[in-house]
Amino acid sequence: MESEKTNVLKFSDAAKFIGVSKSYLYQLTAKKKVPCYKPFGKQLFFSRLELENWLLSNKKEETA
């Protein structure tokens, strides 16, 4: 995995970062469920901060 200080992740690094397979991450990007960028029209890139926010976006409420 690239340096922990890198804010932009390549596809395989993003899959490792969020703990999913590359095929599942591809499904998420195809359905526009996860934030990503395609600046050159082919290769996907991800923002570490946006992925962290996405992972934490569906908070489960605790039950007492």
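Position 1 is the first residue of the sequence, and the numbers go up from there.
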* Asked: Is the backbone of Leu9 close enough, under 3.5 Å, to the side chain of Arg48 for a donor and an acceptor to pair up by distance?
  -> no
* Asked: In terms of the angle between their ring planes, are Phe40 and Phe45 parallel, tilted or perpendicular, with boundaries placed at 30° and 60°?
  -> perpendicular
* Structure fact -> Residue set satisfying side chain to side chain contact (heavy atoms under 4.5 Å, CB included) with Leu56, at least two apart, ordered chain then number -> none
Output a table of donor-acceptor pairs, distance under 3.5 Å, between side-chain atoms of residues 18-37 and any protein atom two or more places apart or on a different chain; print 'none' if there are none.
unit_1: Ser21; atom_1: OG; unit_2: Ser23; atom_2: OG; d: 3.2
unit_1: Ser21; atom_1: OG; unit_2: Tyr24; atom_2: N; d: 3.1
unit_1: Thr29; atom_1: OG1; unit_2: Leu25; atom_2: O; d: 3.4
unit_1: Thr29; atom_1: OG1; unit_2: Tyr26; atom_2: O; d: 2.8
unit_1: Tyr37; atom_1: OH; unit_2: Glu50; atom_2: OE1; d: 3.0
unit_1: Tyr37; atom_1: OH; unit_2: Glu50; atom_2: OE2; d: 2.7

